[in-house]
Amino acid sequence: MADQSELSNLPARTSEAPVQFARRGNLAAIIGRIEEAVDEETAGIRASTGYDLKASNARKSRYLYELTRAMKGANEIEFLEQHREGLARLRQKLAKNEAAILAHLNAVNEVANLLKNAIQRAEADGTYSAREFGWARA
């Protein structure tokens, strides 16, 4: 437990103004961290098939939770005005991220379809067809 001498080095809060200023800075920092996470995920998806999406989603969820907590009780209009540029950048990065994720999902879907078709062709060699058992009606 901290003794009184350790706590005496901390600055005292004298008014609510520094807290409001800190909140603005915190919001900008959180937006910046979200941007970094989205950029990293976009680059990771484009560069490697082994990118850890689960960890990336956990990090983004944590940052969104931080943003939600920091926004609690804040004036939304004021927030939008103060962080317009950061939010516009984030929106652009999210659009690029969405395109990368969709391309990744389309590639995964294509591979899955190729595998499904190969399995169906391998199973359709006539060994177990309905005709073999006399069940097919002409």
Side-chain angles (χ1 to χ4, degrees):
M1 181 169 225
D3 64 8
Q4 191 63 24
S5 63
E6 290 177 17
L7 298 177
S8 64
N9 293 335
L10 298 174
R13 267 200 266 190
T14 57
S15 72
E16 287 300 311
V19 174
Q20 291 291 344
F21 180 75
R23 175 173 281 185
R24 285 187 210 123
N26 287 342
L27 289 171
I30 293 169
I31 292 169
R33 286 195 300 270
I34 295 170
E35 285 183 74
E36 288 174 15
V38 169
D39 283 341
E40 183 182 311
E41 181 180 270
T42 303
I45 290 170
R46 288 180 176 164
S48 171
T49 58
Y51 183 75
D52 189 357
L53 283 172
K54 186 175 181 180
S56 180
N57 284 335
R59 186 168 39 145
K60 290 187 303 182
S61 292
R62 186 174 58 247
Y63 293 156
L64 289 174
Y65 175 73
E66 287 179 22
L67 181 62
T68 302
R69 286 193 51 151
M71 285 290 300
K72 197 170 198 167
N75 182 343
E76 285 186 40
I77 295 170
E78 189 177 310
F79 169 77
L80 291 172
E81 289 172 1
Q82 292 173 353
H83 300 287
R84 186 174 309 278
E85 290 177 24
L87 292 171
R89 275 191 324 270
L90 180 58
R91 180 173 287 203
Q92 290 172 346
K93 291 177 183 197
L94 286 169
K96 290 178 185 177
N97 182 259
E98 179 184 22
I101 290 171
L102 287 174
H104 180 76
L105 289 175
N106 287 335
V108 168
N109 191 34
E110 186 67 31
V111 170
N113 283 332
L114 289 171
L115 289 172
K116 180 184 81 171
N117 292 338
I119 291 168
Q120 286 174 343
R121 279 193 307 274
E123 290 178 347
D125 64 356
T127 307
Y128 299 108
S129 68
R131 235 184 217 120
E132 288 294 317
F133 295 103
W135 295 339
R137 311 252 178 197

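We number each residue from 1, following the sequence as shown. Given the structure is predicted, the values throughout are model-derived calculations rather than measurements.
Residue Y65 is not grouped with residue I31 when hydrophobic side chains (ILVMFWY) are merged at heavy-atom distances under 4.5 angstrom, including chains of intermediate members. Under the 4.5 Å side-chain heavy-atom criterion for grouping Ile, Leu, Val, Met, Phe, Trp and Tyr, I34 is not connected to I45 through any hydrophobic cluster. Hydrophobic clustering, with ILVMFWY side chains joined whenever heavy atoms are under 4.5 angstrom apart, keeps I119 apart from V108. By the criterion of side-chain heavy atoms lying less than 4.5 angstrom apart, applied directly or through intervening Ile, Leu, Val, Met, Phe, Trp or Tyr residues, Y51 is grouped together with I101 in one hydrophobic cluster.
Distance CZ/R46 to NE2/H104: 13.0 Å, rounded to 0.5 Å. Taking NZ of K60 as the start and CD of E40 as the end, the distance is 11.0 Å to the nearest 0.5 Å. Atoms CG and CD, on L87 and Q82 in that order, are 11.0 Å from each other to the nearest 0.5 Å. With rounding to the nearest 0.5 Å, the separation of CG in L67 from CZ in R62 is 14.0 Å.
Closest heavy-atom contact between G86 and E35: O-OE2, 4.0 Å. The shortest non-hydrogen separation linking Y63 to I30 is O-CG2, 3.6 Å. Across all their heavy atoms, A28 and H83 have their closest contact at N-CE1, 3.7 Å. For the pair T42 and K96, the tightest heavy-atom approach, listed with the atom from each and the gap, is CG2-O, 4.1 Å.
Side-chain contact between L102 and E98: present, with at least one pair of heavy atoms (C-beta onward) separated by less than 4.5 Å. Residues N109 and L105 have side chains not in contact (no heavy-atom distance under 4.5 Å, counting atoms from C-beta outward).
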**Study point:** F79 and R84: CA distance, side-chain angles, deciding distance, side chain to side chain contact (heavy atoms under 4.5 Å, CB included) verdict
**Key:** CA-CA 8 Å; F79 169 77; R84 186 174 309 278; over 6 Å; no
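Around the CD1 atom of I77, the shell of radius 6.0 Å holds no more than 12 heavy atoms that belong to other residues, nucleotides or ligands.
At distances below 3.5 Å, at least one donor-acceptor pair connects side-chain atoms of S61 with backbone N or O atoms of N57.
Ion pairing of R59 with E41 is absent here, as no side-chain N (NZ or NE/NH1/NH2) approaches a carboxylate O to less than 4.0 Å.
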